[in-house]
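Single-structure report; data block below.
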Amino acid sequence: MTTPHWLFGDQLGPHFLTPGEGGPDRAAPVVMIEARSVFRRRRFHRAKAHLVLSAMRHRAAGLGDRVRYVRSETYREGLREAVGEGRVTVHHPTSRAALALVSSLPGVTVLPARGFLVPHDDFRAWADGRGGERLRQEDFYRWVRRGYGLLMDGGGPAGGRWNHDRDNREPPPSGARTLGVPGPYRPREDDIDAEVRHDLDRWEREEGIVFVGRDGPRLFPASRREALAALGRFITRRLARFGPYEDAMLAADPVMSHSLLSSSLNLGLLDPAECVERAERAWRAGEAPVNSVEGFVRQIAGWREYVWHLYWYFGEDYRRCNALRHDAPPPGWFLELDAGAVTARCLSTVLAQVRDTGWTHHVPRLMLLGSHALQRGWDPRAVTDWFHRCFVDGHDWVMLPNVVGMSQYADGGRMTTKPYTSGGAYVNRMSDLCGGCAYRPGDRVGPRACPFTAGYWAFLDRHRAVLAGNPRMARAVRGLDRLPDLDEVRTQERRRGDGPP
């Protein structure tokens, strides 16, 4: 008898069933388990729950008679129903909790991880070779590029530079409401989606399972066919304009020229290798400029790989990092995605995007949502949980390093060299979100004081002793001494507290 293979809900692409090099047998039966306890334990975004279940059921439908699809309360119960006391194989799961589960179950053999470019052992050798310190993303990214021959021109980087960030930080075009590129691929819902929505309604009505956010028409791929269509449309219609404006924000154009492929990658519907190879071919064919292609390759072969490996390399203790000793709970308006309660146009706009779609691109995540949480001193573990639950592409391995390390600076600089936060001037320069706002980005105090501008200075003031020794923050900290109204800022921000800004 061929040993069955267990597919988790984020291992849905064909590369998770390819035999050889630690893969399952070609004829292995497939087990898939839909565990309601996952949704009972945590309050996920409704659109995320819909996408995950739709993707799992689409994969099962494609596998036909090869799959045993079990709907149960827990994974343990589901596995018992599927194989009894029999043996199964499973690829290395993507979370510590899931790895602990499969490792504790008798008869389960854990195969090497798939869905990433760099094997665990290779990253550990790279990191250990640096003594586990100064594991900077730029160094890792160049190592990956060299090792895998990605976007290389002879022995050097394509276009003569490893990093084209200086060409990829343009503000949005002046006066433009949208970037004016063709829209992203959008799927059409089918009978499987209707079944998922019916089940989610029933769970809420009969089983006490609750969600946050809205479940509108599904916006992201739930099958391999849809994911390939989304990749193809991005490469051929949107990639060329991606680079220059990847850090810009427009209220009426939340997707800009972003790929919207993160959920497909994180569900395993796409393999990262095929994404970066398609982008490189577009550059070599003259269909996209090198700065746009490099920016996209950096997101996948650089940042995504880097975050994945740091999640495992840093260990579970990393979750408890809190270098700035932030312990305030995120307030109700934030947890409930209550955009209508927020006056600040930038934050209200982005919170509404999350509420309605479960997605917004990386700059609003970092420089609006994350920055506000950092400035207000919210507990980084609670902020990590919120990002995990409320984003369609959110998984523990993604959000833990991104939030604890980069967004909230809770590791004290182990991952990044400075806290990523700013005043309203940055938001005003990189977006149209300050236009028509009740606040003014240049005002620190008074009724029109921008909560980001005042919050930035209050944050620096609270953490002056820690940040003054950071070479990248020392100049900003010295700026506190030039503020004639610092006492007023302190008083104002204490009074503002965690109410909706």
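Only heavy atoms go into these numbers, but all of them, side chains included; no hydrogens, no water, no symmetry mates.
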Under 4.0 Å between a side-chain nitrogen and a carboxylate oxygen: does that hold for Arg429 and Glu170?
no
4.5 Å side-chain heavy-atom contact, Asp396 and Thr94:
no
Verdict with supporting geometry, Phe242 and Asn168, side chain to side chain contact (heavy atoms under 4.5 Å, CB included)
CA-CA 8 Å; Phe242 167 69; Asn168 291 352; over 6 Å; no
Thinking salt bridges, do Arg298 and Glu138 make one under a 4.0 Å N-O criterion?
yes
Any side-chain to backbone donor/acceptor pair from Ser292 onto Gly243? Under 3.5 Å, distance only.
yes
Row check, Phe211 ring normal vs Arg43 NZ/CZ: under 6.0 Å, within 45°
no
Rounded distance (nearest 0.5 Å) linking atom CG of Leu63 with atom CG of Leu7
7.0 Å
Output yes when Arg202 and Asp199 qualify as a salt bridge under the 4.0 Å nitrogen-oxygen rule, no when they do not.
yes
Checking the side chain of Arg365 only, and the main-chain atoms of Thr360 only, is there a donor and an acceptor separated by less than 3.5 Å?
yes
Between Trp312, Tyr318, Phe116, which is the residue that forms a ring pair (Phe, Tyr, Trp, His ring centres under 6.0 Å) with Trp397?
Phe116
Steps toward ring-ring contact (aromatic ring centres under 6.0 Å, His included) verdict (Phe296, Phe234)
CA-CA 11 Å; Phe296 179 66; Phe234 171 70; 4.9 Å; yes
Would you indicate whether Arg42, at its atom CZ, is surrounded by more than 12 heavy atoms from other residues, nucleotides or ligands within a distance under 6.0 Å?
yes
Charged N to carboxylate O below 4.0 Å: is that the case for Glu336 and Arg355?
no
Any cation-pi pair here, Arg96 with Tyr311, using under 6.0 Å and within 45°?
yes
Can Arg224 and Glu274 be counted as an ion pair, charged N to O under 4.0 angstrom?
yes
For the residue pair Asp393 / Ser262, report whether a side-chain donor-acceptor contact shorter than 3.5 Å exists.
yes
Any Lys/Arg nitrogen of Glu226 or Arg188 sitting under 4.0 Å from an Asp/Glu carboxylate oxygen of the other?
no
pair Trp162-Arg146: side-chain heavy atoms closer than 4.5 Å:
yes
Only one of His362, Arg169, His361 clears side chain to side chain donor-acceptor pair (under 3.5 Å) with Asp247; which?
His362
Which atoms form the tightest heavy-atom contact between Phe8 and Leu12, and what is the distance?
O-CD2, 3.6 Å
Does a donor on one side chain sit under 3.5 Å from an acceptor on the other, for His45 and Asp215?
no
Do Arg145 and Tyr141 have side-chain N/O donor and acceptor atoms under 3.5 Å apart?
yes
Does the side chain of Leu17 reach to within under 4.5 Å of the side chain of Val30, using non-hydrogen atoms?
yes
For the pair Gln408 (side chain) and Gly370 (backbone), establish whether a donor and an acceptor sit closer than 3.5 Å, ignoring hydrogens and angles.
yes
Rounded to the nearest 0.5 Å, what separates atom CG in Leu374 from atom OG in Ser407?
7.0 Å
Which residues pass the side-chain hydrogen bond (donor to acceptor under 3.5 Å, both in side chains) test with Gln137, sequence neighbours left out?
none
Given side chains that start at C-beta, do those of Leu179 and Pro172 come closer than 4.5 Å, heavy atoms only?
no
Please confirm whether His309 and Trp126 have ring centers closer than 6.0 angstrom.
no
Determine whether the side chains of Ser54 and His58 contain a donor N or O and an acceptor N or O closer than 3.5 Å.
yes
Any side-chain donor paired with an acceptor under 3.5 Å for Tyr456 and Gln375?
no
Treating Asp193 as the side-chain partner and Asp190 as the backbone partner, does any N or O pair qualify as donor plus acceptor under 3.5 Å?
yes
Evaluate Asp356 against Arg214 for salt bridge (charged side-chain N to carboxylate O under 4.0 Å, His left out), listing each step before the verdict.
CA-CA 5 Å; Asp356 295 342; Arg214 299 174 179 174; 3.1 Å; yes
Take His120 and His92, measure what ring-ring contact (aromatic ring centres under 6.0 Å, His included) needs, and give me the verdict at the end.
CA-CA 10 Å; His120 281 303; His92 190 295; 4.9 Å; yes
Can you tell me how the ring of His258 sits relative to the ring of Trp359, calling it parallel under 30°, perpendicular over 60° and tilted otherwise?
perpendicular
Quick one: do the Asn266 and Arg304 side chains pair a donor with an acceptor below 3.5 Å?
yes
Shortest non-hydrogen contact between Ala55 and Leu267, atoms and distance
CB-CD1, 4.0 Å
Can you check whether His164's main-chain N or O pairs, donor with acceptor, with Glu294's side chain at less than 3.5 Å?
yes
With a 4.5 Å heavy-atom cut-off, do Arg57 and Tyr69 have their side chains touching?
yes
Is Phe39 close to Leu53 at the side-chain level, that is, under 4.5 Å between some pair of heavy atoms?
yes
Ala449 backbone acceptor or donor facing Arg444 side chain under 3.5 Å:
no
From Met367 CE over to Ser422 OG, what is the distance, rounded to the nearest 0.5 angstrom?
3.5 Å
I'd like to know if the side chain of Tyr148 reaches the main chain of Leu117, judged simply by a donor and an acceptor atom lying under 3.5 Å from each other, with no hydrogens or angles considered.
yes
Are Asp498 and Arg376 close enough, and set up right, to give a salt bridge (charged side-chain N to carboxylate O under 4.0 Å, His left out), and what steps lead you there?
CA-CA 7 Å; Asp498 283 331; Arg376 299 295 149 184; 5.3 Å; no
Do the side chains of Arg448 and Asp443 get close enough for a salt bridge, i.e. N-O under 4.0 angstrom?
no
Got a second to check how far Tyr185's OH is from Leu260's CG, nearest 0.5 Å?
12.5 Å
Give a yes or no on whether Arg177 atom CZ has more than 12 heavy-atom contacts from other residues, nucleotides or ligands under 6.0 Å away.
no
Side-chain touch Arg389/Lys48, heavy atoms, less than 4.5 angstrom:
no
Are the aromatic ring centres of Phe452 and Tyr439 under 6.0 angstrom apart?
no
Do Arg381 and Val403 come within less than 4.5 Å of each other through their side chains, counting heavy atoms only?
no
From Asp338 atom CG to Trp333 atom CH2, the distance as rounded to the nearest 0.5 Å
9.0 Å
Could you tell me how the ring of Tyr313 sits relative to the ring of Phe123: parallel (under 30°), tilted (30 to 60°) or perpendicular (over 60°)?
perpendicular
Test salt bridge (charged side-chain N to carboxylate O under 4.0 Å, His left out) on Arg284 and Asp153 and set out the steps.
CA-CA 10 Å; Arg284 295 194 182 280; Asp153 195 1; 5.1 Å; no
For His463 and His326, does a side-chain donor sit closer than 3.5 Å to a side-chain acceptor?
yes
With distance as the sole criterion, is a donor-acceptor pair present between the side chains of Arg472 and Thr417 under 3.5 Å?
yes
Please check: side-chain N/O of Arg238 versus main-chain N/O of Pro182, any donor-acceptor pairing under 3.5 Å?
yes
Measure from the side-chain N and O atoms of Ser348 to the backbone N and O of Ala339, and report whether any donor-acceptor pair falls under 3.5 Å.
yes
